[in-house]
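The chains referred to below are lettered A, B, ... by the order of the sequence lines, with proteins before strands, and numbering in each begins at 1. Any value given below was found using the heavy atoms of this structure, including those in side chains, with hydrogens, waters and symmetry copies removed.
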Amino acid sequence: MKTEPLADRVVPRRRDVSFLVDGRPVRAAAGETVAAAMLAEGERCFARRRGEDRALLCNMGTCFECAVTVDDVPLTRTCMTTVRDGMDVRTGE
Amino acid sequence: MSADVYDLVVVGAGPAGLAAAIEAHAQGLRTLVIDEQRAAGGQIFRQPPKEFGEPVRSPVGYPWAADLLTDAADASGIDWWFESTVFGVLDARSTGRDDFDVLVTRPQGARRAHARRLLIATGAYDMPVAIPGWTMPGVLMAGAAQGLLKAQHVRATGPIVLTGSHPLMLIVAAQLVRAGAEVTEVAFARGMPSLRELLAAAPAIPGHVRLLVELAGCVLTLAGHGVRLSTSTVPTAITGTDGVSGVRLAKADRAWRVRGAEREVPARTVVLGYGFHASTELARQVGCSVHWDSAAGGWLVAVDERFETDVPGIFVAGEPTGVSGAEQSRAEGAAAGAAIAADLGRPVDGRRAGAVRRDLRRSRRFAAVVQRMFAPERPGLVSLATADTTICRCEAIPRSDVDGFLRANPHADTVDAVKLACRTGMGPCQGRYCESTVGGAVAAARGGTVPGAARFAAHVPIKPVPLQAYAELFDADGAETP
């Protein structure tokens, strides 16, 4: 399985927000969207459709390929959601 | 608690929505603007978050953008609901009231706004093009690659290959290169514009010189970094097993049909940029008539010269009336805002109205030329989807399911018929990412056209919302809570 990040930060940022992705701790910079942080931190699966991993596609709230469960709210679009300390992200819905 | 009552509710805080809200607010209308993002600007003027501590910047070609955002922020009487999704509009006039119910999910919960007039300024989204492998992580729409870069300062992993037909691709590619990303190729579906086409475009240039100069600068940047620019080239497959490893490109004819041998180019990211589709679901849901214009963004909302739709009281401005760019969206928004104020009995400022009309005329010329030069060759694009290619991403439906159904049911000739049988369009994106491809498949099977296959019906909710939102807005017996 590939672990290479799909994207990276153009400039290094202080990552002082931390949240969980499927129980794993992930660090992000304040103001980042969940999608941007997940991509830069090497997450490659957002939604899952019939067993296929899907990742961010449109980044504007249209396609729902980046939708995950955040704090028990399903179909939350990570591209439209800003990171918060302690948020609980579940991928693969 | 009684619901919020507004003279005008604007859906979408991009150039059209902002210009309308500023105009309406200046005329004394009680105005609410609702947008899904955290801040005003829409996709085109998407800014880094305030936490990054950067000044507001006008994007390439639109020096007035920062002023528009500042003017909107300074109009202290305008109400703003950000991070909020309008999932439906009900015409309350059937129940004796004289306004619309706007149904909204907000971070704080569901909310209802009452609108005497509604302006739909919902913009556009990247035109989906189904090609083999396009569901793999590592494939991005052009708007996504650009949005990540300019608003989040996150760049896609190289090597990056951009394929498409829209001039935006040159800007995105140059921005990626300047941000240090490894861009190896930009492949355009069409050939170089002919001299005749360039001469025809000349009248459209006044007022847009900056944008054209910027495009030329982008080409120089790309050339200077050794990025290959290819024309008459389409992608036949995105390759890789558990992630993108490359893209196969082939020469195409004038109709964008494959006419040459494939070559495989290594890539970790493939960007698709074939232009834009108007975002018309909300207008469709509330019953506005739409018409098909392939070059101008697919299904468009029909409006009169005051930007009112055939549902009285509902206005539409910006890309949903025809994808024409930020300049025209702003002009349409201003005109719609003024028309709505006049509709509600506010006095008309003749000089201001004249200026708004002149802006509109000028921006229209430019938009018409761009649309003509970069119109998508839809049958060619649809032919890129092979039997195994996923057409409906949400439900993971391959083209063979759709074609098989069409073969077995010779009288089925609409996208809704395909949807009922194959589930295309039943997932969370509600058909936004498959409607035109399914329409193209129907057209190919029946020898018809995409609009001939009609469109998916749009219902409340136009975007998936938690059931809780309904519970908050409606009683158990279905009656509306106030």
Side-chain angles (χ1 to χ4, degrees), chain A residues 1-14 16-17 28-67 69 72-77 79-84 93, chain B residues 36-38 42-43 46 48-53 83 85 123 125-126 128 134-141 143-149 151-157 179-181 240-245 268-269 272 277 279 390 393-396 427-430 432-433 463-466 468:
Chain A
M1 182 168 160
K2 283 213 183 69
T3 53
E4 183 190 30
L6 294 166
D8 71 342
R9 295 180 179 88
V10 177
V11 288
R13 287 184 186 282
R14 273 185 46 177
D16 38 20
V17 176
E32 285 182 336
T33 63
V34 176
M38 283 175 65
L39 290 176
E41 295 295 319
E43 297 293 333
R44 298 176 62 93
C45 172
F46 291 63
R48 189 172 288 127
R49 314 275 191 222
R50 295 200 187 179
E52 296 175 12
D53 288 0
R54 301 289 174 79
L56 179 86
L57 177 71
C58 83
N59 195 40
M60 57 176 75
T62 303
C63 75
F64 284 77
E65 293 283 72
C66 74
T69 299
D72 295 326
V73 179
L75 284 174
T76 303
R77 290 164 288 174
C79 67
M80 312 291 282
T81 307
T82 303
V83 292
R84 291 186 307 271
E93 68 180 29
Chain B
E36 292 197 295
Q37 293 192 60
R38 273 178 94 199
Q43 290 306 322
R46 204 162 161 178
K50 57 184 186 300
E51 289 88 342
F52 286 13
E83 296 182 289
T85 299
Y125 57 94
D126 290 274
W134 78 307
T135 53
M136 274 190 289
V139 179
L140 288 174
M141 306 311 287
Q146 189 184 42
L148 277 176
L149 193 60
Q152 291 284 308
H153 304 323
V154 163
R155 68 190 154 203
T157 298
T241 45
D242 50 5
V244 173
S245 62
R268 289 280 179 227
T269 300
L272 303 174
H277 272 176
S279 196
T390 299
R393 300 178 63 110
C394 296
E395 298 287 325
C429 94
Q430 302 192 343
R432 290 169 179 81
Y433 261 71
K463 288 195 176 172
V465 292
Q468 180 67 21

- [ ] Please look at B:Gln37 and chain A and tell me whether the side chain, the backbone, both or neither of the residue comes under 4.5 angstrom of a heavy atom of that chain.
- [x] both
Open item on the list: Given heavy-atom pairs under 4.5 angstrom as the criterion, report whether the side chain, backbone, both or neither of A:Cys45 touches chain B.
Closed with: neither
Open item on the list: Counting heavy-atom pairs under 4.5 Å with chain B, which one of A:Glu52, A:Glu32, A:Met80, A:Met60 comes out on top?
Closed with: A:Met60
Open item on the list: Taking side chain to side chain contact (heavy atoms under 4.5 Å, CB included) as the criterion, tell me which of A:Leu39, A:Leu57, A:Leu56 meets it with B:Leu140.
Closed with: A:Leu56
Open item on the list: Can you tell me which of B:Thr390, B:Leu148, B:Val139 forms the most heavy-atom pairs within a distance under 4.5 Å of chain A?
Closed with: B:Leu148
Task: Minimum-distance pair of heavy atoms, taken over all atoms of A:Val10 and B:Ala179 - done: CG1-O, 3.9 Å
- [ ] Among A:Arg9, A:Arg49, A:Arg13, A:Glu65, single out the residue with the greatest number of heavy-atom pairs under 4.5 Å to chain B.
- [x] A:Arg13
Task: Heavy-atom closest contact (A:Cys58 atom, B:Tyr433 atom, distance) - done: CB-OH, 3.2 Å
Task: Side-chain touch B:Gln468/A:Val73, heavy atoms, less than 4.5 angstrom - done: no
Task: chain B contacts, top residue of A:Leu6, A:Thr81, A:Asp8 (heavy-atom pairs, under 4.5 Å) - done: A:Asp8
Task: Heavy atoms of other groups near A:Asp16 CG, more than 12 under 6.0 Å - done: yes
Task: Heavy-atom pair count under 4.5 Å with chain A, highest-scoring of B:His153, B:Arg155, B:Gln152, B:Glu51 - done: B:Arg155
TODO: For each of A:Gly61, A:Gly31, A:Ala55, tally heavy-atom pairs with chain B at distances under 4.5 Å, and name the one with the top tally.
DONE: A:Gly31
Task: Contact class of B:Arg393 relative to chain A, heavy atoms under 4.5 angstrom - done: both
Open item on the list: Could you check whether B:Thr85 and A:Arg77, counting side-chain N and O atoms only, form a donor-acceptor pair closer than 3.5 Å?
Closed with: yes
Open item on the list: Let me confirm one number: the NZ-CG distance from B:Lys463 to A:Leu75, rounded to the nearest 0.5 Å.
Closed with: 12.5 Å
TODO: Would you check, one step at a time, whether the test side-chain contact (heavy atoms from CB on, under 4.5 Å) holds for A:Asn59 with B:Met141?
DONE: CA-CA 8 Å; A:Asn59 195 40; B:Met141 306 311 287; over 6 Å; no
Open item on the list: With a 4.5 Å cut-off on side-chain heavy atoms, are B:His277 and A:Thr62 touching?
Closed with: no
Task: Contact class of B:Leu272 relative to chain A, heavy atoms under 4.5 angstrom - done: neither
Open item on the list: Under 4.5 Å from any heavy atom of chain A, what part of B:Tyr125 do you find: side chain, backbone, both or neither?
Closed with: both
Task: Side chain / backbone / both / neither for B:Thr269 at chain A, heavy atoms under 4.5 Å - done: side chain
Open item on the list: Please rank A:Ala36, A:Ala7, A:Pro74, A:Ala37 by heavy-atom pairs under 4.5 Å with chain B and give me the top one.
Closed with: A:Ala7
